[in-house]
Amino acid sequence: MTKIIEVTGVSKSYGGVIANKDISLSVKKGGITGLIGPNGSGKTTLFNSIVGYHPIDGGSIKFENNEISNMQVQEIARLGMLRTFQQTRIYGEMNCVENMLISLPHRKLTWRERFSSNTKVDYERADHLLEFVGLFEKRFLRSGSLSFGQQKLLEFAMALMNEPTVLLLDEPTAGINPTLINGLIDRLKRANTEFGITLFIIEHNMRVIMNMADTIYCLAHGEMLASGTPDEIQNDQNVVDAYLGAH
Amino acid sequence: MITQKPLFYAGLLALIFVLPFLFPAYGVQLAAMWLMIIVAMTWDMTGGQMGYNSLGNIFFYGTGMYVAALVFIGMSHDIGAYTDASGGGSFQFTDAQYFSGVFFGLIAAGLFCAVSAVVIGMLIFGLRGPYFAIGTLAVAIAAGELVSNWDWVGGGQGIALPIYPGDIDVGKKFFYFLFAGLGVTIFIFLKWLYTTRFGAAINAIRDDEEKAEAMGIHTMWYKLTTWAISAFFVGIAGGLSAFQLIHFEPLESAYQTINLGIFMVVCVLLGGKGTLWGPVIGAIAFHLFKEVTWAYLLGWQWVALGGLIVVTVVYFQDGFLGWVKQQKPEWFGVRVDNGSTENAGTAK
Ligand SMILES: Nc1ncnc2c1ncn2[C@@H]1O[C@H](COP(=O)(O)OP(=O)(O)O)[C@@H](O)[C@H]1O
Ligand SMILES: [Mg+2]
């Protein structure tokens with residue numbers, strides 16, 4: 001399979017704190033790649049570097065073979081690479097349907113379409129995806145009034161609405177009611193298989209990521225500790241010590 | 001409701017039409033009320049709908065005055081010679097020159113202000129919150145100072161324009177209907193704009209600009225376009241004021257930052273930010289309050305006005321419509337969880 005994201009030797013520090021040191025990894029097109037590591041190991045920082053949220057100190061980041069490390073957040077999003085936030089960001093004053101409609105792929109809209117109303121097809125897609133994540137019943141509620149877990153589901157649905165090629169998810173199951181996690185795993189897998197979206201997932205819950213990813217990278221103290229298949233990672237002594245042992 | 005709505009708007013239009021005939025003595029005040037409605041509606045485009053509080057929209061009003069006046073004069077005479085003589089002496093305008101001058105002056109004022117908004121916007125839309133507000137205010141203040149020291153455009157004296165050629169009462173109605181026409185046009189335009197994807201996009205920028213960027217929305221384009229449209233209308237309104245006032249000065253009437261520049265913000269806060277009707281209701285209420293206090297509280301009018309602003313900002317931030325929305329959310333299409341949707345989020 002081809003590599004859709006290629007990170008080579010990326011470093012990033014905040015003042016004295018080295019959050020990422022010489023990180024290299026690649027994400028296969030069409031697959032599900034996992035990124036794990038203890039709290040503070042630099043996972044979110046790496047996501048932020050990839051989507052252009054901050055400039056990196058060194059290294060190279062390629063998306064579909066093009067260097068993107070000097071591009072801005074919006075430009076990268078318009079290439080079809082989207083991210084969700086660990087702290088969940090939705091438009092709290094709007095209801096769920098409005099949140100979905102504003103998430104239409106704006107990169108595909110002509111000027112005329114920007115000045116048009118949403119079409120029936122847009123509404124149907126919004127309803128369909130809200131149903132997909134299980135929020136259909138709540139679609140007319142102010143999204144800010146939803147629980148944290150429901151907001152995460154909404155943010156996921158919004159990302160799907162945008163028709164991305166790659167979706168970077170920062171801890172999608174954090175804060176989700178444990179009884180709903182299996183359903184969410186199922187939906188993530190379906191987003192991958194049915195919609196053909198490449199997934200790159202930061203996950204704290206080992207069981208979840210072992211169950212989904214085909215390749216897993218493990219960070220510790222800002223450095224790449226190990227990489228491989230779920231089986232390899234599970235049996236890697238370094239990972240067991242640094243990550244699993246810490247819990 | 002369906003049948004009542006067109007009726008309501010038809011009645012409103014009829015009222016707008018007959019007002020200057022019912023109250024012929026108040027023609028100028030009525031036009032001034034329209035001006036207030038126009039600057040409030042256009043201020044709300046960025047302030048209420050997009051979350052960018054500009055204190056410098058008065059820049060477009062003042063600049064609109066100057067551009068309209070200069071184009072008007074320049075079409076018939078030499079501008080430098082005209083301003084040297086303060087519009088006096090032998091500078092005459094035929095009826096045809098007057099009306100075509102007003103027409104092209106207004107168009108030029110709108111276009112010039114729209115382009116200015118794009119240029120200024122590219123420089124200061126990187127600023128957020130209070131920094132944006134202060135940045136825009138600085139532009140308006142600087143422009144006022146610059147123009148007062150520029151003799152070719154009349155310097156501190158300002159510019160005098162010819163009066164309406166013809167009957168004075170007809171002239172008053174002429175300006176009333178131009179203001180009213182502009183106001184109604186803006187209202188209809190915004191009523192439509194806020195239902196489009198464009199309206200949703202600027203609301204998204206207001207609610208969470210970083211999220212909007214992360215979703216690939218062309219935030220800068222939306223910000224510049226919104227401000228340019230707003231500036232276009234304010235520029236025309238400024239031009240209209242120039243022709244109506246006949247004489248204007250740079251600091252007192254054109255770039256009047258502390259009067260109209262602040263009033264437009266107060267109107268919107270009073271009526272309700274980020275709503276279609278809020279700025280209109282706020283502007284009418286504010287204008288009536290101002291006219292009444294000016295007439296009956298001589299010497300205390302500024303105190304009363306200051307009191308109104310303080311009460312609005314401290315106790316009434318969401319304005320009249322915000323208050324109604326809190327009381328009757330269902331009127332605004334807001335639905336509240338009634339507990340029947342407990343199972344949301346479960347797999348189906
Ligand atoms: N904006 C920031 N400013 C300063 N330090 C930061 C910032 N973001 C993250 N850090 C630090 O960088 C390190 C990595 O953080 P982060 O990438 O959030 O880890 P993770 O997502 O793996 O929990 C931590 O030590 C954290 O305190
Ligand atoms: Mg994190």
Side-chain angles (χ1 to χ4, degrees), chain A residues 51 53 72-80 82-85 89-95 98-99 101-107 109 113-118 122 131 133-142 145-147 149-150 153 155 158-159 162 164 176-177 179-180 182-184 186-187, chain B residues 48-51 126 189-226 229 273-275 318 322 325-326 329-330 332-348:
Chain A
V51 300
Y53 191 75
Q72 300 203 318
V73 170
Q74 298 111 301
E75 297 171 313
I76 293 173
R78 275 177 230 139
L79 295 176
L82 276 204
R83 65 91 60 92
T84 64
F85 291 86
R89 293 182 95 139
I90 52 167
Y91 307 108
E93 290 301 315
M94 304 184 190
N95 70 30
E98 288 165 338
N99 267 281
L101 293 170
I102 188 59
S103 303
L104 277 169
H106 271 241
R107 63 183 182 276
L109 297 180
E113 285 168 334
R114 291 183 199 175
F115 283 104
S116 311
S117 297
N118 293 300
D122 300 333
E131 190 158 10
V133 298
L135 284 176
F136 187 72
E137 308 274 290
K138 302 239 173 199
R139 67 193 182 284
F140 293 122
L141 297 185
R142 202 175 65 85
S145 71
L146 301 176
S147 72
Q150 289 163 345
L153 292 170
E155 196 187 23
M158 287 161 70
N162 202 274
I176 302 252
N177 186 334
T179 59
L180 303 180
N182 281 337
L184 180 59
D186 177 53
R187 288 179 190 116
Chain B
Q49 300 283 347
M50 201 169 75
F189 171 76
L190 292 181
K191 189 171 162 49
W192 163 79
L193 185 72
Y194 294 157
T195 64
T196 66
R197 293 177 179 132
F198 189 102
I202 61 175
N203 288 164
I205 290 171
R206 173 191 63 197
D207 290 358
D208 189 344
E209 185 166 352
E210 232 172 62
K211 174 70 178 177
E213 288 175 355
M215 295 298 282
I217 293 179
H218 306 70
T219 48
M220 194 57 164
W221 182 87
Y222 280 105
K223 291 195 280 186
L224 292 176
T225 308
T226 306
I229 296 171
K273 255 179 141 177
T275 60
D318 294 328
K325 189 170 176 177
Q326 223 170 30
E330 63 277 11
F332 294 80
V334 176
R335 299 200 203 173
V336 184
D337 198 347
N338 54 17
S340 70
T341 52
E342 272 304 298
N343 297 324
T346 48
K348 49 165 235 107

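Throughout, protein chains are lettered first and strands after them, A, B, ... in sequence-line order, and every chain is numbered starting at 1.
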Next item on the list: Calculate, to the nearest 0.5 Å, the distance between atoms CD and OG1 belonging to A:Gln74 and B:Thr219 respectively.
Entry: 4.0 Å
Heavy-atom contact with chain B under 4.5 Å, split by part of [X]:
X: A:Val73; result: both
X: A:Leu109; result: side chain
X: A:Glu113; result: both
X: A:Leu104; result: side chain

Next item on the list: Take the angle between the ring planes of B:Phe198 and A:Phe115 and call it parallel below 30°, perpendicular above 60°, tilted in between.
Entry: parallel
Check: Mind checking what makes salt bridge (Lys or Arg N to Asp or Glu O under 4.0 Å) contact with B:Arg197, not counting sequence neighbours?
Finding: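 So B:Arg197 forms a salt bridge (Lys or Arg N to Asp or Glu O under 4.0 Å) with A:Asp122.
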Notebook entry, point to check: Closest approach of A:Ala77 and B:Ala214, non-hydrogen atoms and distance?
Noted result: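 Distance-wise, the nearest heavy atoms are CB-O, 3.4 Å.
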Less than 4.5 Å apart, side chain to side chain, heavy atoms only: is that true for [X] and [Y]?
X: B:Asp208; Y: A:Ile90; result: no
X: A:Met158; Y: B:Met215; result: yes
X: B:Thr195; Y: A:Ser117; result: yes
X: B:Trp221; Y: A:His106; result: no

Next item on the list: Please determine, among B:Glu213, B:Met220, B:Arg206, the option with the most heavy-atom pairs under 4.5 Å with chain A.
Entry: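 Winner by heavy-atom pair count: B:Glu213.
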Notebook entry, point to check: More than 12 non-hydrogen atoms from neighbouring residues, nucleotides or ligands closer than 6.0 Å to OH on B:Tyr194, yes or no?
Noted result: yes
Checklist line | Check: B:Lys211 side chain, A:Arg89 main-chain N or O, donor-acceptor pair, under 3.5 Å | finding: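 Side chain of B:Lys211 to backbone of A:Arg89: a pair is present.
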Next item on the list: For A:Asn118 and B:Thr196, run side chain to side chain contact (heavy atoms under 4.5 Å, CB included): C-alpha distance rounded to whole Å, both residues' side-chain angles, the deciding distance at 0.1 Å, then the answer.
Entry: CA-CA 7 Å; A:Asn118 293 300; B:Thr196 66; over 6 Å; no
Check: For A:Asn162, which residues count as a side chain to side chain donor-acceptor pair (under 3.5 Å) partner, sequence neighbours excluded?
Finding: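 Result, side chain to side chain donor-acceptor pair (under 3.5 Å) vs A:Asn162: A:Arg107.
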